[in-house]
Amino acid sequence: MSVTLDSSPVITRFAPSPTGSLHLGNARTAFFSYLWARKSGGRFILRIEDTDAERSQLRFREELMSEMRWLGLDWDEGPDIGGPSAPYSQAERGEFYRGLFAQLEAMGGAYPCYCTSEELELSRKLQRMGGKPPRYAGTCRHMTSAQLAEREARGLKPTLRFAVSSDAVIQFTDTVHGPQRFVSSDIGDFIIRREDGTAAFFFCNAVDDSGMGVTQVLRGDDHLTNTPRQLMVLDALGMRRPDYGHVGLLVGEDGAPLSKRHGSTSAQEFRARGFLPAALLNHLFHLGHASDVDSWLPAADMPAHFRPEHLGRAPARFDETQLAHWQKEGVERMSGAQITAWLGSDDSAEFVELVRHNVVLPADAAPWRAVVRGDLPPLGKDEQSVIAAAGPEFFAAAAAAFDQSSSDLKQLTKILKERTGRKGADLFMPLRVALTGQAHGPELGPLLKLMSPEKARARLESHAQNT
RNA sequence: GCUCCCUUCGUCUAGUGGCCUAGGACAUUGCCCUCUCAAGGCAAGUACACGAGUUCGAAUCUCGUAGGGAGCACCA
């Protein structure tokens with residue numbers, strides 16, 4: 001794009017509202033922001049947007065931070081560690097906002113509005129029915145000081161609205177979309193301070209980004225048409241505009257914005273299922289972003305390969321088969337000790353080495369654990385036919401051979417080969433199915449050694465009878 | 001309704017007028033390896049939403065159409 005994306009340090013931020021767990025879409029924009037800051041040697045700020053007291057919860061804030069730490073997205077300034085622009089929680093920034101509200105009001109850039117939400121709703125409804133965009137009609141903007149005083153005397157609490165100038169043109173260059181142009185007459189006067197005195201999103205989000213020195217704002221496409229409002233606020237206040245970049249939304253298989261009905265949507269859910277943070281990061285790294293490498297990257301190498309000029313405009317589909325690939329890569333790269341800890345079931349080192357290539361998620365180890373330590377589940381259809389094809393005589397011979405070979409698969413197959421004349425898959429497959437209950441799996445020899453001889457013999461024996 | 005955004009293989013993407021009979025990765029299929037699966041090696045199929053225009057030449061530029069999405073909240 002036409003924006004200069006040089007290597008001077010950029011300051012980015014992630015500004016979640018603590019009203020739920022860390023959504024994948026947010027995790028991705030946070031990640032990109034983080035990468036950009038790290039790439040340029042700048043700073044990454046975490047700001048909590050908790051002006052909505054009703055929905056904001058401290059536990060969500062903790063959860064958000066915990067998920068970010070899990071992903072390795074460490075911040076340089078934030079509510080827990082402070083920084084030059086503290087506080088980093090909007091609920092604590094009232095004083096800063098009040099000063100700006102006063103400034104805006106004094107210069108006529110904002111005015112109190114006494115309209116009730118019922119009145120506003122009705123007005124919007126009427127406008128919609130009349131085929132017009134639902135915009136604030138400007139009722140209170142034209143009130144005389146006497147009218148205002150009268151309402152104030154009645155004890156009514158006003159909101160504060162930004163006075164949008166008529167016929168202004170707001171232009172900016174979006175970091176990912178390029179040049180944008182909006183006209184102010186399409187925008188109604190919007191609320192910047194709620195009745196309860198707290199700052200509203202359009203306002204506090206913009207002034208905080210600017211006030212905290214953020215140079216690059218990366219956020220979802222859904223904010224693109226909100227940007228001119230924020231720019232007007234900043235311009236009116238004489239505050240520096242950050243560069244805004246809007247990345248395509250994350251969508252589900254059906255193309256609709258990623259939501260609960262698509263399955264797991266929060267970092268926390270993937271964490272709970274046993275996905276590796278590095279796997280999730282590798283996946284996110286390629287969603288709506290074209291890197292110069294398409295192979296596995298350790299998290300530490302990602303900033304160097306992040307290319308902000310290659311951020312995507314089109315919505316990106318979140319596809320779990322793609323994530324599964326990265327997960328495999330991640331598992332492949334773990335040490336035995338790491339896998340053991342990840343499986344969380346104090347398995348022996350031998351067991352872990354044996355099954356690690358057959359495990360994508362921790363739950364995948366359970367069947368193999370049962371093969372070694374527990375009991376076999378009922379056979380599936382394919383497995384049954386393998387057993388039937390081999391016949392009871394085969395297993396009778398196998399059980400007998402086992403008495404000589406014990407858990408030495410080489411010996412066992414050697415003896416069986418001599419006695420039955422079978423070889424290759426005809427020989428191994430029935431043994432595999434009888435011993436493990438499955439047609440696929442890790443190497444049979446070591447697996448056999450890990451189970452007790454009694455168990456192994458019983459499993460062979462159990463198919464020696466005609467059924 | 002108005003404003004804005006988006007559209008290349010199944011998926012993520014490369015591509016900014018000739019290097020494109022459109023490249024890569026994941027997935028899929030086949031073959032090799034192999035007791036099986038995985039891994040690895042080799043190979044195959046599959047895409048420029050549509051229609052006009054500009055041009056010697058268009059995935060790339062212009063216009064239109066269709067489809068999808070967002071915003072227009074005292075939610076962020």
Side-chain angles (χ1 to χ4, degrees), chain A residues 1 15-19 26 49-52 54-56 90 113 115-117 120-121 124 127-136 157-161 174 177 180-183 185-188 190-198 200-202 204-205 219-229 246 248-249 251 253-257 283 285-295 310 312-326 328 332 355-360 386 409 413 423-433 436 438-445:
Chain A
M1 292 289 67
S17 63
T19 54
N26 286 142
E49 308 223 322
D50 50 0
T51 55
D52 182 357
E54 295 251 320
R55 296 202 303 148
S56 296
Q90 288 186 330
C113 170
C115 296
T116 65
S117 33
L120 294 171
E121 209 167 305
R124 275 195 293 269
Q127 291 182 80
R128 255 185 237 276
M129 280 165 55
K132 287 183 171 175
R135 279 203 286 270
Y136 180 59
K157 284 238 176 0
T159 61
L160 190 66
R161 295 192 103 102
D174 188 283
H177 288 272
Q180 302 293 313
R181 187 194 141 95
F182 294 87
V183 291
S185 45
D186 287 333
I187 301 168
F190 52 93
I191 289 175
I192 55 178
R193 188 185 64 207
R194 303 190 188 95
E195 193 181 313
D196 64 6
T198 59
F201 169 78
F202 290 135
C204 52
N205 177 267
R219 41 160 46 163
D221 244 358
D222 48 341
H223 287 296
L224 183 57
T225 49
N226 289 157
T227 309
R229 279 164 235 271
H246 296 88
L249 257 26
V251 299
E253 303 103 280
D254 54 358
H283 186 218
F285 192 65
H286 295 279
L287 277 182
H289 170 243
S291 175
D292 52 351
V293 287
D294 47 30
S295 53
H310 280 268
R313 295 171 292 279
R317 228 160 277 240
F318 187 87
D319 186 353
E320 273 206 34
T321 58
Q322 218 117 202
L323 173 61
H325 162 74
W326 295 117
K328 272 181 205 165
E332 215 53 54
V355 304
R356 59 178 296 164
H357 304 295
N358 292 76
V359 169
V360 175
V386 170
L409 185 70
T413 51
K423 58 181 180 180
D426 280 344
L427 177 61
F428 279 87
M429 193 48 73
L431 288 176
R432 168 176 290 281
V433 171
T436 71
Q438 292 176 68
H440 314 302
E443 258 190 290
L444 191 53

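In what follows, every chain begins at residue 1, and chains take the letters A, B, ... in the order their sequences are listed. Because only heavy atoms are used, hydrogens play no part in the values below, and waters and symmetry mates are left out as well, while side chains stay in.
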P spacing across the pair B/U8 / B/C61, given as an integer number of angstrom: 14 Å
Nearest-Å distance once atom C1' is located in both B/U28 and B/C9: 12 Å
Atom-to-atom span, CG of A/Asp294 to C1' of B/A25 - whole angstrom: 5 Å
All side chain to side chain contact (heavy atoms under 4.5 Å, CB included) counterparts of A/Ala290, not counting sequence neighbours: A/Arg307, A/His310
Set of residues satisfying ring-ring contact (aromatic ring centres under 6.0 Å, His included) with respect to A/Phe428, sequence neighbours excluded: none
Spacing of the C1' atoms in B/G71 and B/C63 (rounded, Å): 26 Å
Complementary nucleotide for B/U54 - Watson-Crick or wobble, under 3.5 Å: none
Contact nearer the 5' end of RNA chain B, comparing A/His325 with A/Val251: A/Val251
Between B/C26 (P) and A/Trp326 (CH2): distance, integer Å: 8 Å
Minimal non-hydrogen separation, A/Gly188 against A/Arg135, with atom names: N-CD, 3.1 Å
Distance, rounded to the nearest Å, where A/Arg317 contributes CZ and B/A27 contributes P: 19 Å
Non-neighbouring partners of A/Tyr136 that pass ring-ring contact (aromatic ring centres under 6.0 Å, His included), sequence neighbours left out: none
Which atom of A/Thr51 lies closest to which atom of A/Cys204, heavy atoms considered: CG2-SG, 4.1 Å
Spacing of the C1' atoms in B/A25 and B/A14 (rounded, Å): 11 Å
A/His246 versus A/Gly220, closest heavy-atom pair with distance: CD2-O, 3.3 Å
C1' gap between B/U36 and B/A49, integer Å: 44 Å
Minimum side-chain heavy-atom gap A/Leu224-A/Gln180 below 4.5 Å: yes
Nucleotide B/C26, atom C1' - distance to CG of A/Leu287 in whole Å: 11 Å
Footprint string (nucleotides 29-40 of chain B, 5' to 3'): B base within contact, S backbone only, - free, heavy atoms under 4.0 Å: ------BBBS--
Separation of the C1' atoms in B/U62 and B/A76, to the nearest angstrom: 38 Å
Nucleotide opposite B/C20 in a Watson-Crick or G-U pair, distances under 3.5 Å: none
Interatomic distance, A/Asp174 CG vs B/C4 P [rounded to whole Å]: 15 Å
Separation of B/A14 P from A/His286 NE2 (nearest whole Å): 12 Å
Donor-acceptor side-chain pairing of A/His440 and A/Asn358 below 3.5 angstrom: no
Phosphate OP1/OP2 of B/C5 contacted by A/Arg313 side-chain N/O (<4.0 Å): no
Per-nucleotide protein contact string for nucleotides 66-76 of chain B, where B marks a base within reach and S marks sugar-phosphate only (heavy atoms under 4.0 Å, - for neither): ---SSSBSBBB
Separation of B/C5 C1' from A/Arg181 CZ (nearest whole Å): 17 Å
Nucleotide opposite B/C42 in a Watson-Crick or G-U pair, distances under 3.5 Å: B/G30
P-based separation of B/G67 from B/C50 [nearest Å]: 15 Å
Paired nucleotide for B/A14 [Watson-Crick or G-U wobble; both distances under 3.5 Å]: none
Closest non-hydrogen atom pair, A/Ala316 against A/Gly288: CB-N, 3.9 Å
Which protein N or O atoms sit under 3.5 Å from an N or O of nucleotides 41-50 of chain B?
none

Phosphate-side-chain proximity, A/Gln322 and B/A25, N/O vs OP1/OP2 below 4.0 Å: no
Distance-only side-chain donor-acceptor flag, A/Asn226 / A/Arg219, under 3.5 Å: no
Atom pair CD (A/Glu320) and NE2 (A/His283), whose distance is rounded to the nearest 0.5 Å: 8.5 Å
Exercise: do A/Arg194 and A/Thr198 side chains pair donor with acceptor under 3.5 Å: yes
CD/A/Glu121: more than 12 non-hydrogen atoms of other groups inside 6.0 Å: no
Complementary nucleotide of B/U7, counting Watson-Crick and G-U pairs under 3.5 Å: B/A66
Inter-nucleotide P distance (B/G23, B/C48), Å rounded: 13 Å
